[in-house]
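Notes follow once the structure below has been shown.
Side-chain atoms are counted along with the backbone in the values below, which use heavy atoms only and exclude waters and symmetry mates. Just so you know, residue 1 is the first one in the sequence shown, and it goes up from there. All ligand and atom numbering here is 1-based and tracks the order in the structure.
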Amino acid sequence: MNQEKPKKGIAVLGSTGSIGTQALQVVAEHSNSFSLEVITANRNADLLIEQALKFDPNTVVITDVTLYQKVKDALSHTDIKVFTGEQSLCDVVTMSSIDVVLTAMVGYSGLPPTIAAIKAGKDIALANKETLVVAGALITRLSKENQVNIYPVDSEHSAIFQCMAGEFHNPIEKIYLTASGGPFRGKKAEELKSVTKAQALKHPNWEMGAKITIDSASLMNKGLEVIEAKWLFGLKDEQIDVIVHPQSIIHSIVQFNDGSMKAQMGLPDMRLPIQYALTYPDRLPSSFERFNFLEYPQLTFEQADRATFRNLDLAFLAMKKGGNTACVLNAANEIAVQAFLEEKIGFLDIARINETCMDKIDFIKDPALEDYISTNLTTRRFAAELV
Ligand code: NDP
Ligand code: MG
């Protein structure tokens, strides 16, 4: 990026998480290009305070009100503003000094601040895929109305975006989202019955927050990404395919209407897609480790096992059915994953709960925001009963 460009004001929602902490590294490495305006956490007050003292943002938000005083006291000798409560997230993203809001919160909680940011005309660097899964039609419409760009942070979607750069006018025939297959690739239902939380939390290629790591093990993550891709790139259901690629070097592939396929490659490192989302259409230098072909003599591909990893199929079904179905699937999955992490249910129960909720919760064809809110609440309650 040209040095003369004004600095971009960045808000990082969920700065204490896996994506959030890596985003702060990217912003700090390019302090000539970015100014960090806002950082936020849910409960991790200690890390939020540490980040605030290190990066000196304009404002911090700690969502949990019981931790407000702790953060306030720790920053009382600075001029950093401190806010608390969920509504504060929606308020701070509208600050005039912010250009881009990086949504790195987890789950449905990302929806309200993302909507607030879009309505305030802020570009979105979107990590929080659940927002598009829950309310893709609404978010897409709002972003058009407010002339807001949504830049993907998810590595697969960043890959597709990078392949499309310079040829957005060319029709896409198909995209292939690559999937590592997770820690249980190749296992059958019988073996999956007894897998533990510790095993599910061991992802072969990526270090991520707990929720997305479990989603990767159950292939729910890939399912959510299918729906995310539909909305981000305006694709038809049949234009989206998934291919298992255990090495996670090819991050995804676009096939254009002349049959040409473009892939984006690199070592798995989320800082690259985070940085690209913040600097598009420019590329800034990075010190990230480079790919070495000789260390990967073979890149391999296989079919996803949708019968065993039912969640991927459920996502395709939810996408096809439309309306509030993906919102139902997402809410059910959030409750089920939490219950699995608390060791209240087994691994295969996650898909069972998701499927039951999709069957039982009332279908709404053209949901408004209130419908998404009520669908989310109703599904959570129902899923909790199934646990
Ligand atoms: P983490 O669990 O590591 O971090 C989540 C962040 O959001 C933390 O800062 C957390 O605060 C905050 N947070 C959690 N719940 C709430 C809430 N209810 N209200 C306000 N803030 C909240 O998640 P990840 O960084 O792994 O993932 C973030 C998002 O990015 C997810 O949507 C995920 O699917 C997506 N993503 C992540 C990737 C990765 O490599 N990690 C890759 C691609 C996408 P606190 O620390 O206080 O709990
Ligand atoms: Mg991904």
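- Considering backbone and side-chain atoms together, Gly107 places no N or O closer than 3.5 Å to any N or O of ligand 1.
- If you check which protein heavy atom lies closest to atom 6 (C) of ligand 1, you get Ala104 O, 3.5 Å.
- Protein heavy atom nearest atom 9 (O) of ligand 1, with residue, atom name and distance: Thr16 OG1, 2.7 Å.
- Under a cutoff of 6.0 Å and an axis angle of 45°, Arg185 and Phe309 do not form a cation-pi pair.
- Considering only heavy atoms from C-beta on, Lys174 stays 4.5 Å or farther from Glu238 through its side chain.
- Here the heavy atom of the protein found nearest to atom 34 (O) of ligand 1 is Lys129 CE, 3.3 Å.
- Distances from ligand 1 to the non-hydrogen atoms of Lys211 include no value under 4.0 Å.
- For ligand 1, none of its N or O atoms has an N or O atom of Glu207 under 3.5 Å away.
- The protein non-hydrogen atom at the shortest distance from atom 27 (O) of ligand 1 is Ile19 CG1, 4.3 Å.
- The N/O atoms of Asn44, backbone and side chain alike, include one that comes under 3.5 Å of an N/O atom in ligand 1.
- Atom 33 (C) of ligand 1 has as its closest protein heavy atom Ile212 CD1, 3.9 Å.
- Of the protein's non-hydrogen atoms, Asn42 CB, 3.5 Å is the one closest to atom 21 (N) of ligand 1.
- With a cut-off of 2.8 Å, the protein N/O/S atoms near the Mg ion (ligand 2) add up to 3.
- Taking distance alone, with nitrogen or oxygen atoms compared against 3.5 Å, Asn221 stays at or beyond that limit from ligand 1.
- With respect to atom 31 (C) of ligand 1, the closest heavy atom belonging to the protein is Met105 O, 3.6 Å.
- Every residue meeting the side chain to side chain contact (heavy atoms under 4.5 Å, CB included) condition with Ser248, not counting sequence neighbours, appears here in chain and number order: Ser180, Asn205, Trp206, Pro268.
- Taking the side chain as every heavy atom from C-beta outward, Arg43 and Leu67 approach each other to under 4.5 Å.
- Of the polar atoms of Thr40, none of the N or O atoms is found under 3.5 Å from an N or O of ligand 1, judged by distance alone.
- When ring centroids are compared, Phe233 and Phe161 stay outside the 6.0 Å threshold.
- Ligand 1 has an N or O atom lying under 3.5 Å from an N or O atom of Gly209, backbone or side chain.
- Given atom 14 (C) of ligand 1, the protein heavy atom at minimum distance is Val106 CG1, 3.5 Å.
- Counting the atoms of ligand 1 from 1 in the order shown, those under 4.0 Å from a heavy atom of Gly14 are 6 (C), 7 (O), 9 (O).
- Per-residue contacts place Glu130 under 4.0 angstrom from the following atoms of ligand 1 (heavy atoms of the residue considered): 31 (C), 32 (O), 34 (O).
- Between Arg43 and ligand 1, at least one N/O pair is under 3.5 Å apart.
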